[in-house]
Amino acid sequence: MNLKRRYLAALLVFSMIIGGVATYTAVQFLQAGTGQAQTNQEESNKQASTDGEAQKSDESVGDILDGLKENNDGELSKVDKAYSLIQEKYVKDTESKELIEGAIQGMLDTLEDPYSTYMDKETMEQFNNSISSSFEGIGTEVSMVDGRVTIVSPFKGSPAEEAGLKPKDQIVSVDGENIEDMDLYDAVLKIRGEKGTTVSLEIDRPGVEENLKIDVKRDTIPIETVYSETKEVNGKKAGVLEVTSFSENTAADFNKKLKKLEEKNIDGLVIDVRGNPGGLFTAAQDILENFIPKDTPYVQIENSDGEKKRYVSNLEEKKGYPIVVLIDEGSASASEILAGAMKEAGGYELVGTKSFGKGTVQQALPMGDGSNLKLTIYKWLTPDGNWIHKEGIKPTVKVELPEYYYTNPVQIDKTLEYDMNNDKIANIQKMLEGLGYDPGRKDGYFSKETQAAVEQFQKENDLNVTGTINEETGNKLQSSVVTKVQNKENDTQMKKALDVLFSK
């Protein structure tokens, strides 16, 4: 599969990747943290971004730049005076470049918009140079939230997911180096690396008292974004299309696989965008052309003046079979455009949990010297005019995955035993219950019942039976949970989606 250079920069995040909400300040599609790095003005003219990734825009970069006010002398005289005073009077020598770029960053900071970001020439060159290498990294999308590099969503089947990284995790340090005051792009470059190498991340996870240390072995991040299968449900055939991100070739691949499913005479379709951080707006548009009739808009775009443009398809009528869309907290940006359209314009059911919540569109604007300003210039609204930014989209049928899906990686720095009480024990108790052992409680107190459950687990897994949890037992618990999570038979959300699909 060939990707143009403009998608590779983003991919580097995915590849990083780390990966970009689908949308928090992100570099989506494949670039973690901010949208894609554009390689030149021609690319920028073609693309805008809903989740950090580029997308087509009616208003080109040239139009935007030509429309700027030319007479800013009065407004900027104070800035010019401050610049001159610092240059001429400050007690230490100053670099004009640093002052200018600091001013740009300062203006962006006042916007309090994690999606509007600045990349200087050197950072742009680093991203562009890295495009020629293979797509290797940990496979997650990141963004800057409240000054911290935050995971939007790990890609399905990626090293990040397998290591236990989750949406909303905040990365505090990389290989022991604190990155809390580091620029997003610099942090991304530290997380990226060659296949087979390991990066150690310190994670601040909401609801967990102590920071987690998670080691992730970098690997090649797959470019394929659409996966197809069929499932039999009470004598009916359901087609399933899983979309992991929205890239340049996603819509074409989706349409090809949809056609093959329809040739198999499917009775219904499940579209799975769980954990999908987003990507190209145009890819989501092209997919929606299959399902939303022309009499209803599937998305609206609003500019800074409050003017709205409604997007409609050319489709004459809906499909003749039922459709259900699967979403979760990792579904962001372009995924939310699709989900919102299917729900409000198509009247289809959404199954799962509330989505991430990114409702803005960014445009990469060249600054003339090799640097780029990625600026939020549009809002996108659902067909009914709802702005889901920071709110997300609620499913019509809420279904959680089993509790053990949400457990944290086991980290044993001191043997856990009877009569101890902490969050690590509570986490392990949830694991034990998910694996079919009764710990008696899940509040973190290491009771006699928990001890008995640990002993039973150790006995059945050929471990030294002590009733205590050391590193060996902890690792085995974690690997057992991962194995159970990877078993599709335990996916309660998919099971519910299939039930809903044929319930009418």
Side-chain angles (χ1 to χ4, degrees), residues 21-24 51 151-154 156 161 166-169 205-208 231 233-234 238-244 268-278 284 288 291-292 298-299 321-359 380-408 430 433-434 442 481 484-504:
V21 34
T23 259
Y24 300 93
D51 18 313
I151 291 175
V152 175
S153 182
K156 291 186 177 180
E161 183 186 54
K166 298 181 179 181
K168 306 295 176 69
D169 279 351
R205 176 168 294 172
V208 178
K231 294 179 179 290
V233 182
N234 297 326
V240 178
L241 287 172
E242 178 184 10
V243 185
T244 58
L269 177 68
V270 174
I271 302 174
D272 185 357
V273 291
R274 290 176 295 173
N276 182 330
L288 286 168
F291 308 112
I292 308 301
Y298 54 78
V299 71
Y321 49 76
I323 302 173
V324 168
V325 179
L326 270 169
I327 61 172
D328 66 6
E329 63 277 4
S331 304
S333 194
S335 295
E336 294 173 296
I337 290 175
L338 184 144
M342 295 295 283
K343 177 183 179 181
E344 294 183 1
Y348 297 110
E349 300 281 7
L350 303 185
V351 174
T353 54
K354 188 173 71 172
S355 65
F356 178 76
K358 181 180 184 292
W380 70 261
L381 311 175
T382 66
D384 291 344
N386 297 313
W387 193 38
I388 58 88
H389 197 61
K390 296 184 179 180
E391 298 294 329
I393 296 174
K394 293 181 179 180
T396 56
V397 181
K398 183 178 179 180
V399 183
E400 299 273 358
L401 290 167
E403 196 170 17
Y404 62 85
Y405 272 74
Y406 303 101
T407 54
N408 303 316
K430 294 172 186 176
E433 183 181 63
K442 294 181 291 182
V481 168
K484 189 163 186 178
V485 167
Q486 291 174 341
N487 185 343
K488 292 184 178 181
E489 295 300 317
N490 299 317
D491 188 347
T492 54
Q493 291 177 332
M494 177 61 75
K495 287 182 177 180
K496 186 62 176 180
L498 294 170
D499 288 342
V500 171
L501 188 66
F502 298 127
S503 63
K504 296 180 180 180

Quick one: are Val273 and Val325 in side-chain contact, heavy atoms under 4.5 Å?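 Yes, side chains in contact.
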Taking C-beta and beyond as the side chain, do Thr492 and Pro402 meet within less than 4.5 Å on heavy atoms?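 Touching, per the 4.5 Å side-chain cut-off.
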Kindly indicate, with the supporting measurements, whether the criterion side chain to side chain contact (heavy atoms under 4.5 Å, CB included) is fulfilled by Leu288 and Ile337. CA-CA 9 Å; Leu288 286 168; Ile337 290 175; 4.2 Å; yes
Counterpart residues, side-chain contact (heavy atoms from CB on, under 4.5 Å), relative to [X] (two or more places apart):
X	result
Glu242	Lys156, Tyr227, Thr244, Asp272
Gln486	Glu162, Val482
Glu349	Val324, Thr396, Val397, Val500, Lys504
Lys231	Glu229, Val240, Met494, Leu498

Between Leu501 and Val270, does a side chain to side chain contact (heavy atoms under 4.5 Å, CB included) hold up when you go through it step by step? CA-CA 8 Å; Leu501 188 66; Val270 174; 4.1 Å; yes
Check the pair Val351 / Lys398 against side chain to side chain contact (heavy atoms under 4.5 Å, CB included), numbers first and verdict last. CA-CA 6 Å; Val351 174; Lys398 183 178 179 180; over 6 Å; no
Spacing of [X] atom [atom1] and [Y] atom [atom2] [to the nearest 0.5 Å]:
X	Y	atom1	atom2	answer
Ile393	Ser335	CD1	OG	9.5 Å
Asp169	Asn408	CG	CG	8.0 Å
Asn276	Ile271	CG	CD1	11.5 Å
Thr353	Leu326	OG1	CG	9.5 Å
Lys430	Lys442	NZ	NZ	7.5 Å
Glu391	Phe356	CD	CZ	12.0 Å

Give me the atom names and distance for the closest heavy-atom approach of [X] to [Y].
X	Y	value
Ala334	Ala284	O-CB, 3.9 Å
Ser355	Ser331	CB-O, 3.3 Å
Gly278	Ser333	CA-CB, 4.3 Å
Tyr404	Gly434	CD2-CA, 3.5 Å
Pro167	Pro154	CD-CD, 4.0 Å

Please check if the number of heavy atoms outside Asn234 that lie under 6.0 Å from its CG is greater than 12.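 Counting neighbours around CG of Asn234, 12 or fewer heavy atoms of other residues, nucleotides or ligands fall under 6.0 Å, so no.
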Counting neighbours of NZ on Lys166 that are heavy atoms of other residues, nucleotides or ligands and sit closer than 6.0 Å, is the number greater than 12?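 Correct, the count exceeds 12.
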Start with the C-alpha gap between Glu336 and Ile388, add the side-chain angles, then the distance that decides, and say whether side chain to side chain contact (heavy atoms under 4.5 Å, CB included) holds. CA-CA 9 Å; Glu336 294 173 296; Ile388 58 88; 3.6 Å; yes
Considering only distance and modelled atom types, tabulate donor-acceptor pairs under 3.5 Å from the side chains of residues 341-348, sequence neighbours left out.
from	atom 1	to	atom 2	distance (Å)
Lys343	NZ	Lys394	O	3.0
Glu344	OE1	Thr382	OG1	2.7
Glu344	OE1	Asp384	N	2.8
Glu344	OE2	Thr382	OG1	3.2
Glu344	OE2	Asn386	ND2	2.9

So does Lys354 get a backbone contact from the side chain of Glu329, meaning a donor-acceptor N/O pair under 3.5 Å?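 A pair under 3.5 Å: no.
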[X]: what forms a side chain to side chain donor-acceptor pair (under 3.5 Å) with it, not counting sequence neighbours?
X	answer
Thr407	none
Tyr405	none
Glu400	Tyr406

Under 4.0 Å between a Lys/Arg side-chain N and an Asp/Glu carboxylate O for Lys496 and Asp491?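 No, this pair does not count.
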